[in-house]
Amino acid sequence: MRGSWQERFAESPDVLKSPERQRTIVQVLGLAIGGGDFITMAGPCSVETEFQLMATAHHIRRGGARILRGGAFKPRSSPYAFQGHGLDGLRMLARAREESGLAIVTEVMSECDVPMVAEYADILQIGTRNMENYSLLEAAARSGRPVLLKRGMMATVADLLRSAQLILDNGNPNVILCERGIRTFETATRNTFDVAAIALLKHVSHLPVIADPSHAAGCRDLVPALARIAVAAGADGLLVEVHPNPDKAWSDGEQSLNFDEFDDMMASLDPYFALRGLALSEPEGARPMEAVG
Ligand code: PEP
Ligand code: MN
């Protein structure tokens, strides 16, 4: 028999709930992640063109997302696939923030790139392939930016919590945990969405927990259902891939929602928000944007 959760995750003491610390709220551009409002982060897998990014930013904002995602540095399975626009992609993201008011989350893959990515991004994303890259985690922690830590595709919950602990140890309390699916014997989906991990992380840790149904499913048909499951399981937010024309996307098109599909998914979450007593926040300025788009 196992012991208590506290014993089980004893190597990560500071990420566990305690009587003094029941939850961490990560503040980003006026948003309170983990603070009771459900925060949707949406956007393309890769930053491709100015048009693609701006159109997506405006659309997702109208649909209720508060953070724009998009990769400027892309970890790809093939070394010959598009690797991202790098600095030019970061500049496009910063312009999208200026135009839309959305905060920006983007992946950083190398510790050398941390200062540059931190200059442009509001949240640094650590990808599944780097969850245990401790020198990258240390550099990201020391940047002072909040860190979105994706679960390694072959990492246990204990491994994820250890990586979060390392970021806290390096002086950065603003960590957002992300379940994005793990490798199992099942190959019908790209990964296996570990919904129990969401419930468990919310149970044991004070850190915000979000879910990425896109990389878990690997196909767009399943993304809305996994998103609803994530809300029901207690997630504080979503990270979801959206593209104006998924069939033409430079990466992860199969799992990206088009604009209509994104709107339908968001609408389908409402009864699940209601069950949890949650509402989507409507910050100042959200309405005028509607007239612009
Ligand atoms: C991504 O968010 O586009 C991504 C590469 O995610 P992951 O690291 O979870 O595969
Ligand atoms: Mn992707």
Side-chain angles (χ1 to χ4, degrees), residues 39-48 52-53 56 60 65 67-79 81-86 89-90 92-93 103-110 113 117 121-133 136-137 140 146-155 157 159-160 163-164 175-184 189-194 197-198 201 209-220 222-223 226-227 230 235 237-258 261-262:
I39 306 287
T40 300
M41 312 180 184
C45 180
S46 301
V47 174
E48 298 169 6
Q52 170 236 25
L53 194 64
T56 308
I60 61 156
I67 300 183
L68 177 66
R69 63 146 290 143
F73 293 91
K74 292 307 302 174
R76 301 303 302 281
S77 308
S78 163
F82 175 60
Q83 306 290 314
H85 285 307
L90 296 175
M92 284 192 240
L93 285 164
I104 300 298
V105 58
T106 194
E107 179 165 354
V108 58
M109 287 174 57
S110 152
D113 294 335
V117 179
D122 301 295
I123 303 174
L124 301 184
Q125 176 174 320
I126 302 292
T128 192
R129 295 162 184 80
N130 276 313
M131 189 207 79
E132 289 178 296
N133 180 343
L136 175 62
L137 296 183
V147 177
L148 191 166
L149 180 63
K150 292 188 113 181
R151 179 180 180 184
M153 63 182 91
M154 288 168 287
V157 167
D159 297 332
L160 173 63
S163 290
V175 179
I176 303 157
L177 303 172
C178 180
E179 161 60 31
R180 50 78 71 203
I182 51 172
R183 287 233 163 130
T184 66
T189 50
R190 183 176 183 182
N191 290 284
T192 295
F193 189 44
D194 186 1
I198 298 173
L201 290 168
V209 178
I210 66 163
D212 173 350
S214 308
H215 291 85
C219 63
R220 71 180 73 104
L222 296 179
V223 169
L226 298 196
L238 288 177
L239 181 71
V240 60
E241 289 186 334
V242 178
H243 192 285
N245 186 355
D247 292 334
K248 293 272 155 59
W250 298 5
S251 60
D252 285 351
E254 333 67 63
Q255 66 195 35
S256 299
L257 302 178
N258 67 27
E261 289 162 344
F262 175 71

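Note that ligands are numbered from 1 as they come in the structure, with each ligand's atoms numbered from 1 the same way.
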Practice problem: Find the distance between SG (C178) and CD1 (I126) and round it off to the nearest 0.5 Å. | Solution: 12.0 Å
Quiz prompt | Min heavy-atom dist E241 to ligand 1 below 4.0 Å | solution = yes
Quiz prompt | Protein heavy atom at shortest distance from atom 8 (O) of ligand 1 | solution = T128 N, 2.8 Å
Self-check item: Positive for side chain to side chain contact (heavy atoms under 4.5 Å, CB included) with I176, one of V147, V209, I123, L239
Solution: I123
Self-check item: L226 to P213 - nearest heavy-atom pair and separation
Solution: CB-CB, 3.6 Å
Quiz item: Do you know which two heavy atoms are closest between F262 and A42, and how far apart they sit?
Solution: CE1-CB, 3.9 Å
Quiz item: Does K74 reach ligand 1 with a nitrogen or oxygen that is under 3.5 Å from one of the ligand's nitrogen or oxygen atoms?
Solution: yes
Quiz item: What atoms in ligand 1 come closer than 4.0 Å to a heavy atom of C45?
Solution: 3 (O)
Quiz item: Closest N/O/S atom of D252 to the Mn ion (ligand 2), by atom name?
Solution: OD2
Quiz item: Has R151 got any heavy atom lying under 4.0 angstrom from an atom of ligand 1?
Solution: no
Quiz item: Hey, are the side chains of D252 and R190 touching, using non-hydrogen atoms and a 4.5 Å cut-off?
Solution: yes
Practice problem: For atom 4 (C) of ligand 1, grab the closest protein heavy atom and report residue, atom and distance to one decimal in Å. | Solution: H215 NE2, 3.4 Å
Practice problem: Measure from the Mn ion (ligand 2) to every N/O/S atom of H215 and report the name of the nearest one. | Solution: NE2
Practice problem: Indicate, as side chain, backbone, both or neither, the part of Q125 found under 4.0 angstrom from ligand 1 when only non-hydrogen atoms are considered. | Solution: side chain
Exercise. Test R151 against every option in D159, D194, D212 by the salt bridge (charged side-chain N to carboxylate O under 4.0 Å, His left out) rule and name the one that passes.
Key: D194
Practice problem: Give the residue and atom name of whichever protein heavy atom lies nearest to atom 6 (O) of ligand 1, and the separation in Å to one decimal. | Solution: K150 NZ, 2.8 Å
Self-check item: Minimum-distance N/O/S atom that E241 presents toward the Mn ion (ligand 2)
Solution: OE2
Quiz item: Taking only heavy atoms of R129, which atoms of ligand 1 are found under 4.0 Å from at least one of them?
Solution: 10 (O)
Exercise. Tell me which protein heavy atom sits closest to atom 10 (O) of ligand 1, plus the residue, atom name and distance to 0.1 Å.
Key: R180 NH2, 2.9 Å
Quiz prompt | Electrostatic pair R69-E107, nearest N-O below 4.0 angstrom | solution = no
Exercise. Heavy atoms only: give me the nearest A72-T106 pair and the separation to one decimal.
Key: N-OG1, 3.6 Å
Quiz item: Is G71 in contact with ligand 1, taking contact as a heavy-atom separation below 4.0 Å?
Solution: no
Practice problem: Specify the closest pair of heavy atoms between A155 and M131, including all atoms of both residues, with the distance to one decimal. | Solution: CB-CE, 3.5 Å
Self-check item: Distance filter under 4.0 Å to G127 heavy atoms, resulting ligand 1 atoms
Solution: 8 (O)
Quiz item: Which of these, M41, R69, E107, has its nearest heavy atom closest to atom 2 (O) of ligand 1?
Solution: R69
Quiz item: Is the shortest heavy-atom distance from the side chain of H243 to the side chain of S46 under 4.5 Å?
Solution: no
